[in-house]
Structure formats: C-alpha cells, structure tokens
Amino acid sequence: MLDINFIRNNPEKVKEAISNKRETVANVDELLELDVQRRSAIHACEQLKSKRNEKSRAVSELKKKGQDASQIIEETKKIGDDIKSYEEKLKELESQIHNLHLRIPNIPAEDVPVGRDENDNVCIRTWGTRKTFDFTPLPHWELGSALNILDLERSSKIAGSGFILLKGLGSKLERALFSFMLDLHTGEHGYTEVFPPFLVNRMSMIGTGQLPKLEDDMYRTAVDDLFLVPTAEVPVTNIHRNEIFSYKDLPVFYTAYTPCFRREAGSYGKDTRGIIRVHQFNKVELVKLVRPETSYDELESLVRNAEKVLQLLGLEYRMSILCTGDLSFAAAKCYDIEVWAPGLEKFLEVSSCSNFEDFQARRINVRFRDEDGKLRFIHTLNGSGLALPRTVIAILETYQQKDGSVIIPEVLRPYMGGIEVITRK
RNA sequence: GGAGAGGUGGCUGAGCGGCUGAAAGCGACGGUUUGCUAAACCGUUGUAGGGACAAAAUCCCUACCCCGGGUUCGAAUCCCGGCCUCUCCGCCA
C-alpha cells in the first residue's frame, strides 16, 4: 500500500511507475477523485458531530439543573439523522477507495531497470563453471524415475498432475536439503527459525499483497475462508501484524520451512514435464523486518545468504535484477537467482529476493519507534533460501554419472546418513 | 461439539448512561538532589483522520476502551452479531 499522501502529491510519478510495472494506471485518477469526495464528506460529517456533541452537553447541563431539555433533544434528533446519512455515504466511499488503494502496486526503486518482461532483466553476477559431460545428461524425471526416488505417475493418481511423490533416498534428500538450509541460515546468517501455520486467514493474504490481486492463484478452504500458504512469506511477515517495535529490537531475521501451494492458474502448458512447476513444493524462506535506512543493504546481504546455499551445494547459478515489467506487485526491487540444470539445458529460478520497502508494512501496520520517539513504518524483505524442487533438479542433473547414479554434494552427506551416491538398485 | 467467564492505554487494574482519552499503581522519558548508583521529589507520557497555515512549530475538530451493527439527545458503560482468550465437560491426533 502506498501512502495516500504520496499519491496525492505525486500522481504523475505514481502513474509512470505503474505503467512501467505494466499495471493499470486508471485506478490512480479514480482513487484521487474519490479521495476528494471523501474528504469533503468527512469534513461535513465531523462538523455535524461537533454540533451534536455541543447540544448533548447542553442537555446534560439542563438535566443537572432539573430543567426541561425536550426542545434541544428534538433538534438534535435531526442532526443525528443527517450524520447517519453522511456516514453511509462515507462508508461507501471508503470501501471503494480501499479497494482501489489495495490494487495499486508498489513503485520500483530508482535503480531498477525499466523493461517489458524477463528478457529485460539484467544479470548482475554469475557463479560456478559450466559442468561438461562425456555423455548426454538426462533430465531429472528420467533420473528420478530410474533411481526410484521420484514417482510422478503415482502422485498424479493421488492428487493430479503437478504434485510430487518422493520415495526412499529422494524423500531423504528433500529432508536433508531443507534441514541443511535452515541450519545454514540459523547457524551462519543470524536468522531465527520459525515454524508457522500452513493455512492463513484473508487478512494475512492481503497484508503481504497476494490478495486481492492473485486470489485465483491460491488454494482456499471454502468453509473457513482460509488459504494454503503460497510461500512462508505470508505467515512469517504477518507474525508482527499490528505491532510496534522499539528501534532497539530491529532488525528481525526469520527463516522458515513450509510447503508452498500454488494453483498456477494461467500457466497451463508451461514447464509441464518433471517437477519444474508444481502445485505443492517445499521451500525455506528468509524474511527480514528492518529500519528503512538499512533495507537496501539488507537486500544485498539477503541475496548473498541465498546464494551461499548454491555455492555450498556447488551448483552453477546466475543472479539478476528484475526489470520494472517483471517486478511483482508488492516489490520495489527484486533479485532472482537461477540455477543451471544441465539435463534441461536451462536456468531455473530458485530464489526471488525482494525489498518491499514500507508497502507491506503499511498493509500489516507494523511500525517502530525510533530514537526520537517517532513512529515510522518498517521495511520488509524476503527471499527464498531456497525453493526445493528446482534445487533437487539441479542436483540430480548436475551430479549425475554415466551409469545413472547421482553423487550427493558433500555438505548434504551428514544429513543423508553419510550416503555419498544414489544408485540404481 | 456442550456449559460458563472475560477482552479497557507499554503493563497491572478501576469505571458499568453525561467534561472519562479514560482513576490509581507500575514502567518509560525529562528535571531536582547526589562523589557514583540507588532512593526520594517534581513534571511529561496514546494513535489515527480532517481542517486552519505556503510550510514547520502550533492550534481547532472528529474518531478510537477487541471488531461490526443497534438503542439513546448522549455509549467504554445497555442490546444483538462476530472474532479471540481462559475454565470445565465431551470427542479426537
């Protein structure tokens, strides 16, 4: 949510930012028009209330003296009716304004390149060297199936396409990966581990910006109006909703493992093979709540924390800054990390690290009291550290051998009971 | 699922129809005192919205005692609905 005052004072700037993000600009003018109406209604309404309060006080005085107040009471009844009609008008205006306001995206940071889509993203750095093979590397679904650690036929029998059934060392590898990531982030990077609910209410989804825009992409339990989390960002960022921090308590770093549920509406036919794009996947998330003046430094260290996972796993990756057109609704600036998958011969996004500035903080109403006692909104950030299926893809495809076996990266071996290689039985 | 109790400021806790944005205490902050600390004493101590001002300071108004409705000239206080917490019973991993 943008500051309404900022929108009032900088409408052109906001519209330019929105069009750079390739979202609807029309909302801004409509919002501002309604805002003018709203303020005049507030003014009128409050003047009436002031009058009513004055009269009520007069009634009280008269009654104390034991005098008759029926005339004033009659007058005041009429004022009450007027107030009611203004309040109805105001309520209608405010709900319209709120709906529009919630749909206005965040403004990209100054240094975000203006661009149309992912082709305009700019690579910042790369890590690792391209692995070469003296045989043709297989895609992960062939490896996983032959090793009997991945069974997509049966998972689709159970739940449908886009769901994963891991077996044996496949499940163990999954568990090893998120344990390893959590240990790294808590042990080396200063994050506190949390284990949040996997279902969240509507307020939480609005708070982080998934709603109202992306409702179609979410799984929802109709009876209770709860949503399956699309990312741990939602429950974790909402931990401190409606709270006020002392400046002494910032920054706060959280890391959490959760499954993530996404309907992937509108992406049918894309990445249908294997486990590149699925409806349920595991992810370790990093979330930071920080002071505004530190948030861009914190973004840099956040992305480094995520990169560290791939470095320790020995997987080649590249890190890019997203252009305005590819930037998500709530983000001001975002880095993507993509890992190289030799069997697929392409890069796969495994992490998206974003600074939301105070956009989410306004929605979830999280502020801090600074050294001068002033209340200010915090900045929120998050990033994957990392998304598992695509990391698994990269591991299987990168460490495959000619005989179809897969070597386990050394850092994972302690989590795998010392197993060094997954072989066909 | 059944029965009951309750949700008031940073916290504890009064108020149960009329200057009550809200007593008292604690905490926090500022000051006096002090060799330092402590203690004591004095003072300050909510947020949001709207308006006045070119703007800041400031001032005025409005709202907020879990949320949403209702009754009333007037609601923290009465009534209804919701959410949450606690206790007991039942059921269950």
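Numbers restart at 1 for each chain; the letters A, B, ... are given by sequence-line order, proteins then strands.
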Just checking [X]: base, sugar-phosphate only, or nothing, at a heavy-atom cut-off of under 4.0 Å?
| X | value |
| --- | --- |
| A:T76 | sugar-phosphate |
| A:K63 | base |
| A:R362 | nothing |

Expressed in whole Å, how much space separates the [atom1] atoms belonging to [N] and [M]?
| N | M | atom1 | result |
| --- | --- | --- | --- |
| B:G49 | B:U34 | P | 46 Å |
| B:G21 | B:C16 | P | 15 Å |
| B:A57 | B:C65 | C1' | 31 Å |
| B:U37 | B:A76 | P | 45 Å |
| B:A75 | B:C64 | P | 8 Å |
| B:U32 | B:G15 | P | 40 Å |
| B:G74 | B:G69 | P | 16 Å |
| B:A23 | B:G43 | P | 15 Å |

Just name whichever nucleotide pairs with [N], Watson-Crick or G-U, keeping both distances under 3.5 Å, else none.
| N | value |
| --- | --- |
| B:C92 | none |
| B:C29 | B:G43 |
| B:C78 | B:G70 |
| B:C65 | none |
| B:A56 | none |
| B:A38 | none |
| B:C16 | none |
| B:A3 | B:U87 |

Using only heavy-atom distances, determine whether the side chains of [X] and [Y] contain a donor-acceptor pair under 3.5 Å.
| X | Y | answer |
| --- | --- | --- |
| A:N106 | A:E357 | no |
| A:K167 | A:N148 | yes |
| A:T380 | A:Q360 | yes |

Item to check | Under-4.0 Å side-chain N/O to phosphate OP1/OP2 contact, A:K77 with B:C73 | outcome: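 So the side chain of A:K77 is within the cut-off, an N or O lying under 4.0 Å from OP1 or OP2 of B:C73.
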Checklist entry - A:R38 side chain N/O closer than 4.0 Å to the phosphate oxygens (OP1, OP2) of B:G50? => result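 So the side chain of A:R38 is within the cut-off, an N or O lying under 4.0 Å from OP1 or OP2 of B:G50.
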Spacing of [X] atom [atom1] relative to [N] atom [atom2], expressed in whole Å:
| X | N | atom1 | atom2 | result |
| --- | --- | --- | --- | --- |
| A:D3 | B:A48 | CG | P | 12 Å |
| A:D82 | B:C73 | CG | C1' | 14 Å |
| A:N242 | B:A48 | CG | C1' | 13 Å |
| A:I73 | B:G18 | CD1 | P | 15 Å |
| A:N5 | B:A55 | CG | C1' | 14 Å |
| A:Q67 | B:C73 | CD | C1' | 16 Å |
| A:Q71 | B:G74 | CD | P | 17 Å |
| A:E75 | B:C73 | CD | C1' | 10 Å |

Verify, without hydrogens or angle tests, whether [X] (side chain) and [Y] (backbone) share a donor-acceptor contact under 3.5 angstrom.
| X | Y | answer |
| --- | --- | --- |
| A:Q67 | A:L62 | no |
| A:E397 | A:L344 | yes |
| A:T231 | A:E233 | yes |
| A:R362 | A:F377 | no |
| A:D3 | A:N5 | yes |

Are [X] and [Y] ion-paired here, with the side-chain N under 4.0 Å from a carboxylate O?
| X | Y | value |
| --- | --- | --- |
| A:D151 | A:R154 | yes |
| A:D29 | A:K15 | yes |
| A:E87 | A:K49 | yes |
| A:D35 | A:R38 | yes |
| A:K77 | A:E74 | yes |

Next on the checklist: Within residues 83-104 of chain A, which residues have any heavy atom lying less than 4.0 Å from an atom of RNA chain B?
Outcome noted: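 Contacts with RNA chain B under 4.0 Å: A:K84, A:K91.
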Next on the checklist: Can you list everything that forms a side-chain hydrogen bond (donor to acceptor under 3.5 Å, both in side chains) with A:D216? Sequence neighbours excluded, please.
Outcome noted: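 Checked A:D216 against side-chain hydrogen bond (donor to acceptor under 3.5 Å, both in side chains); zero matches.
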Checklist entry - A:T423: what forms a side-chain hydrogen bond (donor to acceptor under 3.5 Å, both in side chains) with it, not counting sequence neighbours? => result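 side-chain hydrogen bond (donor to acceptor under 3.5 Å, both in side chains) list for A:T423, sorted by chain: empty.
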Next on the checklist: Classify the ring geometry of A:H279 against A:F163: parallel below 30°, tilted from 30° to 60°, perpendicular beyond 60°.
Outcome noted: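 A:H279 vs A:F163 ring planes: tilted.
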Checklist entry - Hey, what's the ring geometry for A:Y257 with A:F178, parallel, tilted or perpendicular (30° and 60° as the breaks)? => result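 The rings of A:Y257 and A:F178 lie parallel, inter-plane angle below 30°.
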Item to check | Nucleotide nearest A:H43 when distance is taken to its side chain, options B:G74, B:G49, B:G51 | outcome: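 Looking only at side-chain atoms, A:H43 lies closest to B:G51.
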Checklist entry - Where along nucleotides 76-86 of chain B does protein come under 4.0 Å, by heavy atom, of base (B) or sugar-phosphate alone (S), with - for untouched nucleotides? => result -----------
Checklist outcome for this item: With B for base contact, S for sugar-phosphate-only contact and - for none (protein heavy atoms under 4.0 Å), nucleotides 62-67 of chain B reads BS----
Next on the checklist: Taking the nucleotide of RNA chain B with the nearest heavy atom to each, does A:G80 or A:I244 sit closer to the 5' end?
Outcome noted: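 That would be A:I244.
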Next on the checklist: Heavy-atom nearest nucleotide on RNA chain B for A:R39 versus A:K55: which residue maps closer to 5'?
Outcome noted: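 Of the two residues, A:R39 wins.
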Please list, pair by pair, any protein nitrogen or oxygen found under 3.5 Å from a nitrogen or oxygen in nucleotides 45-47 of chain B.
unit_1	atom_1	unit_2	atom_2	d
B:U47	O3'	A:R367	NH1	3.3

